[in-house]
Amino acid sequence: MCGIVGYIGEVDAKEVLLKGLEKLEYRGYDSAGIAVRNEQGITVFKEKGRIADLRAAVDTSVEASVGIGHTRWATHGVPNRKNAHPHQSASGRFTLVHNGVIENYHLLQKAYLKGIQVASDTDTEIIVQLVDLFVSEGLSTEDAFRKTLGLLHGSYALALLDSEDADVIYVAKNKSPLLVGVADTFNVIASDAMAMLQVTNQFMELHDKEVVLVRKDGVTITSLEGTVLEREPFTAQLDASDIEKGTYPHYMLKEMDEQPTVIRKIMQAYSNEAGELTIDADILQALQEADRLYIIAAGTSYHAGLVGKEYFEKIARIPVEVHISSEFGYNMPLLSQKPLFIFISQSGETADSRQVLVKIKELGYKALTMTNVPGSTLSREADYTLLLHAGPEIAVASTKAYVAQIAVLAVAAYVTAGETDFDLKQELAIAANNIQAIIERKDRLEKIAEDYLKIARNAFFIGRNLDFCVSLEGALKLKEISYIQAEGFAGGELKHGTIALIEDGTPVFAIVTQKAVALNIRGNVKEVTARGANACIISMEGMAEDDDAFILPKTHPLLTPLVSVVPLQLISYYAALHRRCDVDKPRNLAKSVTVE
Ligand code: F6R
């Protein structure tokens, strides 16, 4: 959600900025812009729409070795050219890009900027106008930047250019991600390392409320109060090829195909020298000492959390509550005596989850983050981290990270349990092979998408127990990328109201992998087909019947979500393709949701 890049060095900045923005496209955006500075001053190019539109609007004859760039996902003000970043102060001296939300922008505008005509509907513009105001009152740019930061309430990652000083980009962050990339003859900034891997793999983490001056030949980090802080760069463990699509038409397809490999990587990453599954001793102790686990997550990660609850309760015998992060922080339930909080987040940057983390840390509780992004905010701010090892997930719709979350939750629950009556490693290996087998039957899934969803306006996904958890994820996948209205339901719940929506031809996808409730869910299928539904049954070997549309290879009953989700992901993908939707970048969505 929104992305920032910046470059200060010796070569022309435009291409580095545009390439960087292209790498940030996956985060979701609706407009984009860059500002570059040379002897003639600062030139801004910005457009509504895609980076390709911005590229077309950039005047290639303008050469400059300093610049900042931005992709905007609208929060304050509609997505249009006027509201796109960079924004400039009324005098034209300062130019700024911003991610996040300034909660008190209206108050600041009233208190300080009464006579100043603003050009956009954004909260961002207030920041750049404040810097200009304080400079006009006699402060240096750095002091004006500091003073402005001290007034802001909310989340931000900022990069500021001063048209009267070509040597520096002023940078700061609070709650929103931002890194500085370092090299010998230039330095860069980026919302995530992927954007600047093209030029460096050395990055410095920035902490909230630091003031950072990025120059061509150095980076100065200070606290808001002015104390100079030392920071060593780290090497980003990413390969530029990890973020390429290769011969795939879409990242989503590539990422679904990677799912067997992801499970195998997790098994390797969480094995000791004897080949047994293991997790860090401190994490194990925290899990074993907890009297209740509170899983906090959003969207797909929340759906993985629902599966995680089953694992910790059934395998490790620890009670678990799963909460939607945006609800929990503002309405905390009664907590147990010794809770442990588990944050599940692919990006590690989700603002809804972070606000919970901040609150529970203030209350003195311990937190474990399960994330795909080492060094992400939720990882840094929690006491412990378990990495997902899924590799960069670029498609907005999460697929391999969901599978990774479930596999890591299974490992954590299994190791916490100590004694178990099954060999998880062996069962995960079987699940990985089974996913491979499903992926090889894409043609069948494409046909199912065509048969059931070609003309559908809505669809239902039903299941019971673990299959219910997966039905929620199946429905989310379908709606987010194909825009078909879809709902996941517990099979038995449909008849309590929602069955009224079933009419002739309504597609109902039913998942049947849980023996104890197989007959019940088949009964629910009968209820909907009797009312005209077009039922597509996805069942597991050993409990399949003749008319079932797709049979899943036999998998351990606790691990069925790893395999049953895969046909649902692929059916959604093909349904979206049939409708000519932008599969990797669905409308209105962002990969990393950094506002609450
Ligand atoms: C859906 C999807 C979202 C995310 C949600 C949380 O495909 O990706 O629902 O799961 O925005 O994001 P993370 O996991 O990064 O906290």
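These numbers come from a predicted model, not from an experiment. Any value given below was found using the heavy atoms of this structure, including those in side chains, with hydrogens, waters and symmetry copies removed. In each ligand, atom 1 is the first atom listed, and ligand 1 is the first ligand listed.
In summary, the atoms of ligand 1 found under 4.0 Å from a heavy atom of S301, numbered by their order in the structure, are 10 (O), 13 (P), 14 (O). Residue-ligand proximity, S345 to ligand 1, at heavy-atom distances under 4.0 Å covers atoms 13 (P), 14 (O), 15 (O), 16 (O). Interface atoms of ligand 1 facing A397, defined by a heavy-atom separation under 4.0 Å, are 7 (O). Atoms of ligand 1 lying under 4.0 Å from at least one heavy atom of V396, given by number and element, are 7 (O), 8 (O). Heavy-atom contacts of K477 reach the following atoms of ligand 1: 1 (C), 7 (O) (cutoff under 4.0 Å). Short contacts between ligand 1 and E480, defined as distances under 4.0 Å to a heavy atom of the residue, involve ligand atoms 1 (C), 7 (O). Close approach of ligand 1 to G299 is summarised as follows: ligand atoms under 4.0 Å from at least one heavy atom of the residue are 9 (O), 10 (O). Interface atoms of ligand 1 facing S398, defined by a heavy-atom separation under 4.0 Å, are 7 (O), 8 (O).
The protein heavy atom nearest to atom 16 (O) of ligand 1 is T350 OG1, 2.4 Å. Looking only at protein heavy atoms, the nearest one to atom 6 (C) of ligand 1 is A298 O, 3.4 Å. Closest to atom 4 (C) of ligand 1 among all protein heavy atoms lies T300 N, 4.0 Å. Distance from atom 15 (O) of ligand 1 to its nearest protein heavy atom, with residue and atom name: S347 OG, 2.6 Å. Scanning the protein heavy atoms around atom 11 (O) of ligand 1, the nearest turns out to be V593 CG2, 3.9 Å.
In summary, K361 and D383 engage in a salt bridge, as defined by a charged side-chain N under 4.0 Å from a carboxylate O. Of the charged side-chain nitrogens involved, none lies within less than 4.0 Å of a carboxylate oxygen, so that E446 and K442 do not count as a salt-bridged pair. Ion pairing between K400 and E393 fails under the 4.0 Å rule for side-chain N and carboxylate O. Between R50 and D582 there is a salt bridge, since at least one side-chain N of the basic residue sits less than 4.0 Å from a carboxylate O of the acidic one.
Using cut-offs of 30° and 60° on the angle between ring planes, the pair H70 and H85 is parallel.
Considering both main-chain and side-chain atoms, Q405 never comes within under 3.5 Å of ligand 1 through any nitrogen or oxygen pair.
When all heavy atoms of L386 and A412 are compared, the closest pair comes out as CD1-CB, 4.1 Å.
A donor-acceptor pair is defined here as one N or O able to donate and one able to accept, closer than 3.5 Å; no such pair exists between the side chain of S482 and the backbone of A576.
In this structure, OH on Y402 lies 10.0 Å from CG on L476, to the nearest 0.5 angstrom. Summarising the geometry, atom NE2 belonging to H250 is positioned 12.0 Å from atom CD belonging to E255; distances are rounded to the nearest 0.5 Å.
Residue S379 is tested with T385, T369, N372 for a side chain to side chain donor-acceptor pair (under 3.5 Å); the sole match is T385.
Heavy-atom distances between S353 and ligand 1 stay at or above 4.0 Å for every pair.
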